[in-house]
Structure formats: C-alpha cells, structure tokens
Number of protein chains: 2
Amino acid sequence: MNGTINIVLADDHVLVRNGIKAMLESDPDIRVVGEAGSGAEALEVARQLHPDILVLDIRMPGMTGLEAAARLPEVAPGTKAVILSMHDSEDYVLQALDAGAYGYLLKDTDKNEFIRALKQISTGNKYFSGSVSNVLANRLLNAKPSKSASELPRDPYHLTRREKEILRLVIDGKQNKQIADVLGKSVRTIETHRFNIMKKLGVNNAIDMVNKVVKENLI
Amino acid sequence: MNGTINIVLADDHVLVRNGIKAMLESDPDIRVVGEAGSGAEALEVARQLHPDILVLDIRMPGMTGLEAAARLPEVAPGTKAVILSMHDSEDYVLQALDAGAYGYLLKDTDKNEFIRALKQISTGNKYFSGSVSNVLANRLLNAKPSKSASELPRDPYHLTRREKEILRLVIDGKQNKQIADVLGKSVRTIETHRFNIMKKLGVNNAIDMVNKVVKENLI
DNA sequence: GATTATTTAAGTATAAATACGTATTTCATA
DNA sequence: TATGAAATACGTATTTATACTTAAATAATC
C-alpha cells in the first residue's frame, strides 16, 4: 500500500480508544489522526480530516456507529467505515453491510488480525471478522435456497474422475496438446478421453459439450 | 462438544501437513487423527475415522478439495469440511460455499486464527477468513442489484451485426457448415467471419470464445 | 459522389478435433 | 487372484477449425 493509513477512532470510552490506538500504532503504517466520543462527533471529525478509515463503535450515545457509517459518504466520501462491536449478532452485521461499512470487527479481534483488516480495507476490500463470516455465509446460502442442492455437481453420465478432470480443462479452453502437457500424458490419450466423454454426453462437438456441461451443471 | 476436536488433514504435500499439524496440536483441544494426500484418500480416511473436521487443500491431484467437500456427506455425514487455499478467488470461495464447506481459510492464516476457526466450526458455525469475507459481502450486496448495465449486451469489441449473428449460432453449437446453410452463404464466408470475430475478441479457439462471450455477457 | 464499413468469398496452409477400433497397463475390490 | 472398470495409448481416416491474405460486391454515411 502506498503510505500511511490515517485512522479516526470513535468510541465513547476513552480507555477503549486508548487501547485500540496503542494497538494500531504499533504498526508503522497506521496512524490515528483523530478521535471522537459519539457518532455525531465522529462525522464532524471525519469531515475535517478525511481519514482513510473511520473506526466506529456500534454502541455510542446519540447516533450509533451504524447510523454514522450510513451518513459518512455525505461528509467524507473517500473515507471507509469500519464497525467495531462486541457481538456477532446477525442483525448488526447485516445492518453494517447495508450501511455501506467496509468492515465489521469484533472487539476481541487480536492485534494482527485487526491490523491486517485495516490494511485490506484501505485498499478498498471489505473485511469481516472470521467469526462474523458465519452470518454472511448463511445469508448467502439462504438467499439462494434451492441452489445448494442443484449446485452440486451432478453425475448422470458416469464420467470417471479422469474424464471430469479433462472435461474441466477442455471447458477452460485448453486444447488437447496443452492438456496432455499438463497431465504428462500423450495427446492420443486425451483424444480418447475426449471421444469417450462426448459419447457419454451424446454431443458431437466441443461447444455443445461445453454448453451441456454448463447448462446441466456437471462438474 | 466440549472435548477434543478430531481433525483429518488432506494436502498433497507432506511438509504442509506437518506444518499445519504442528501448528494445530499446540492446542490441547485439537488432535490430528489422520492425514491424506489426495481428495479421494481424504474421503476414504474420513469414512473410516469420522473426524469432527476434515481440512482440505483446494488443490490436490485427482479430486480437488472442493469436490471432496461436496462428497463428504455421503461418506461421513457428521464431518465438517474446511477448505484451505492460497487464494481468495471469488470463484473458489463461492464454490466452497456451494460444496457445503463450513470454512474457507487462507494458507497464510495465523495460528491463533486457525485454531479459533476450527473451534468455532466444531460447534457448527461457519468460519471464513476475514480476507475472504470481502467476497461474501460483495456477493450479498450484489445479490439483488440486477445490474441494469450488465444486463444489456455489451459491445466493447465492435462486432458487426453479421458477426454477432454468426457468433450466436456458433455459441449455439452450430458448426460452420450448418451456419452457412442456414444463412445461405458459403462456408468460407462463415470462416472469415469467425476468424474476424476471434481476432476482435482476442481468443485462439472456439471454446475460449464461448467462455468470453458468456462471461462478459456479449450478445 | 466519394469515402468508409460491411459482407461476401476465395486461396493456401497448417493444426486440431472427430470417429472408431483396438490393446495394454493399472488398480480397486470382490 | 480373478474380474472388471479405468486410464493409457496407438492406428487410420475424415472432417473442421484456425491462420492469414486478398479482394470483390454491397451497403451506409457524410
């Protein structure tokens, strides 16, 4: 990353801010340039300083961290909000996402992970504590409920393992020569497999093979 | 659930297995009870030992970790699969989810996080490395915005009308002879169009052409 | 009406895929 | 250890696709 990451910390407890500040500034690339004790104050400081990242405790007097995160783009468009919380409550996590937060970290996140998270976020990625990913993953799975079953590779054509492996490479656009090289086999072998695969699938050319595989979600 | 967590490690490199094993067994609650060097072997060992967690490297000879994860319920219903990977590729992460994996950890995950992840997974939660959560979060956010922009066929390659028409037929699995018949043109004409299309798209074979068109939502 | 873009199509080669049949080796498993 | 499935590989032949170049006949547009 290019240069120092400027951070503003918002938490209504000075002690907590000090603790986090000490933790973060042990890394030479991170600098805490401002602090705030409430959501409103956080926005005000962010407007003045335009830090790279605004770390917001979720629970603060007046305006919560979630609210502040949602308003952040109005006052400091380039600044990325990160929510700090004690709980990995599903509600909070999803609200943070909705609020446009770039991260959701638990307060018991250890130092290394915290720093890693901030660095990743400063590059524009999102970072959610691993413990929180549970919420995201479940949400994603429930969003596409019927999929997970039919998303599993089906196998109605009794393709062997090798055949599937080769099929995968074929679909990836590799030609027989390349596949042969990758697998350390002769081109003739690949051709044979390919012939057998097409026979099993009942198709007459490579493109129909690809279409069939994609459509029927084989592999 | 409050006893020892039994783990089976699957990675095709003994060194990697040893490293992870040493790392994990520094925790008194975790025991590595088996190892495997391939996806198939992993399933076999899982069937015999029914561990709490099966840690699968994503890249293994023959059957990938993702495939093995998907098949795991058939051979060891209670065992939870965790994918280990070098990359936080979006594809892999989502595939892992689909495969029913309980976790996706990057290989550079540090010891504490690794152990925390396994403990959380053993209780039935999911755990995705923070760096990976980026993928999940974006997926969740993009789930509904039915991209009005990318829904429309894009045209960054300046394909002519005829070229698109032919491209459509090619993707439909038609071969040049058939296309020529349908359009009442000579096969050479179709070949020329096809050559020009591939040139414009910058691909070297039909399958990559299909892939590109599908992926980039041309046509 | 001149200019430009598109469509059409051929020439000439090479490379690759398709279509089988056949056959050996490997390997899990009965 | 016999058996069958899977993986390996060659032979032979035909068909398609790829890789260019060139160039004419049609549009389209300015």
Side-chain angles (χ1 to χ4, degrees), chain A residues 155-213 219, chain B residues 36-48 61-63 67-68 71 74-75 155 157-213 219:
Chain A
D155 185 19
Y157 298 100
H158 311 107
L159 296 179
T160 68
R161 182 144 47 253
R162 198 52 150 179
E163 285 168 348
K164 279 187 230 168
E165 186 175 16
I166 287 167
L167 184 48
R168 232 171 273 127
L169 291 165
V170 168
I171 287 175
D172 201 37
K174 305 279 186 301
Q175 35 204 169
N176 292 347
K177 174 69 169 54
Q178 298 174 272
I179 297 176
D181 287 347
V182 170
L183 299 184
K185 306 298 170 202
S186 96
V187 173
R188 305 309 310 285
T189 301
I190 311 303
E191 285 175 352
T192 302
H193 281 304
R194 204 158 153 161
F195 171 71
N196 290 329
I197 293 168
M198 299 212 310
K199 201 173 179 184
K200 283 184 179 177
L201 296 188
V203 297
N204 324 301
N205 63 58
I207 294 185
D208 272 338
M209 180 164 69
V210 173
N211 284 332
K212 183 151 195 162
V213 169
I219 291 196
Chain B
S38 71
E41 200 187 336
L43 289 182
E44 189 45 41
V45 176
R47 163 155 52 205
Q48 286 165 16
M63 188 188 294
E67 241 181 299
R71 303 248 162 101
E74 302 165 20
V75 302
D155 184 19
Y157 300 100
H158 311 106
L159 296 180
T160 68
R161 185 147 42 256
R162 198 53 149 179
E163 285 167 349
K164 282 186 227 169
E165 184 176 16
I166 288 168
L167 184 47
R168 233 169 273 127
L169 291 165
V170 168
I171 286 175
D172 201 38
K174 304 281 186 299
Q175 31 205 169
N176 293 346
K177 175 69 168 55
Q178 298 175 272
I179 298 175
D181 287 347
V182 170
L183 299 183
K185 306 296 170 201
S186 96
V187 174
R188 304 311 310 282
T189 300
I190 311 301
E191 285 175 355
T192 301
H193 282 304
R194 205 159 153 161
F195 171 72
N196 291 329
I197 293 169
M198 299 212 311
K199 202 173 179 182
K200 284 183 179 179
L201 295 188
V203 297
N204 319 303
N205 63 59
I207 293 184
D208 272 338
M209 179 165 70
V210 173
N211 283 333
K212 183 151 195 162
V213 168
I219 293 194

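Given the structure is predicted, the values throughout are model-derived calculations rather than measurements. Just so we're on the same page: letters track the sequence lines, and every chain starts at 1.
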Just N and O in the side chain of [X]: are any of them under 4.0 Å from OP1 or OP2 of [N]?
{"X": "A:His193", "N": "D:dA7", "answer": "no"}
{"X": "B:Thr189", "N": "C:dA9", "answer": "yes"}
{"X": "A:Ser186", "N": "D:dC10", "answer": "yes"}
{"X": "A:Asn176", "N": "C:dA17", "answer": "yes"}

Before you tell me yes or no, could you show the steps for B:Arg168 and B:Asp172 under salt bridge (Lys or Arg N to Asp or Glu O under 4.0 Å), namely the whole-Å CA-CA distance, both residues' side-chain angles and the distance that decides it to 0.1 Å?
CA-CA 6 Å; B:Arg168 233 169 273 127; B:Asp172 201 38; over 6 Å; no
Rounded interatomic separation in angstrom, taking [atom1] from [X] and [atom2] from [N]:
{"X": "A:Lys177", "N": "C:dA15", "atom1": "NZ", "atom2": "P", "value": "12 Å"}
{"X": "A:Arg194", "N": "C:dG21", "atom1": "CZ", "atom2": "P", "value": "19 Å"}
{"X": "B:Phe195", "N": "C:dA15", "atom1": "CZ", "atom2": "C1'", "value": "14 Å"}
{"X": "B:Glu191", "N": "C:dA15", "atom1": "CD", "atom2": "C1'", "value": "13 Å"}
{"X": "A:Asn196", "N": "C:dG21", "atom1": "CG", "atom2": "P", "value": "11 Å"}
{"X": "A:Arg161", "N": "D:dA7", "atom1": "CZ", "atom2": "P", "value": "7 Å"}
{"X": "B:Gln175", "N": "D:dT15", "atom1": "CD", "atom2": "P", "value": "12 Å"}
{"X": "A:Asn204", "N": "D:dT15", "atom1": "CG", "atom2": "P", "value": "15 Å"}

Start with the C-alpha gap between A:Gln175 and B:Asn204, add the side-chain angles, then the distance that decides, and say whether side chain to side chain contact (heavy atoms under 4.5 Å, CB included) holds.
CA-CA 10 Å; A:Gln175 35 204 169; B:Asn204 319 303; 5.6 Å; no
Looking at the side chain of B:Asn205, which of D:dA6, D:dT18, D:dA9 is the nearest nucleotide?
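Looking only at heavy atoms from C-beta outward on B:Asn205, the closest nucleotide is D:dT18.
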Is any NZ, NE, NH1 or NH2 atom of the basic residue among A:Glu165 and A:Arg162 found under 4.0 Å from an Asp or Glu carboxylate oxygen of the other?
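A salt bridge is present here (some side-chain N lies under 4.0 Å from a carboxylate O).
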With nearest nucleotides of DNA chain D determined for A:Gly184 and B:Met198 from heavy-atom distances, which residue corresponds to the more 5′ nucleotide?
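First, find each residue's nearest nucleotide; the 5'-ward one identifies A:Gly184.
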For side chain to side chain contact (heavy atoms under 4.5 Å, CB included), just list the numbers for B:Leu201 and B:Val213, CA-CA rounded to whole Å, side-chain angles, deciding distance to a tenth of an Å, and then say yes or no.
CA-CA 9 Å; B:Leu201 295 188; B:Val213 168; 4.1 Å; yes
Between A:Val203 and B:Glu44, name the one whose nearest nucleotide on DNA chain C is closer to the 5' end.
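The 5'-side residue here is A:Val203.
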Across the strands shown, which category fits A:Arg188 at heavy-atom distances under 4.0 angstrom: base, sugar-phosphate, nothing?
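The residue A:Arg188 makes base contact.
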Which part of the nucleic acid, if any, lies within reach of A:Thr192 when heavy atoms closer than 4.0 Å are counted: base, sugar-phosphate only, or nothing?
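Here A:Thr192 touches the bases of the nucleic acid.
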Answer yes or no: is there a side-chain heavy-atom contact under 4.5 Å between B:His193 and B:Ile179?
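No, every pair of side-chain atoms sits at 4.5 Å or beyond.
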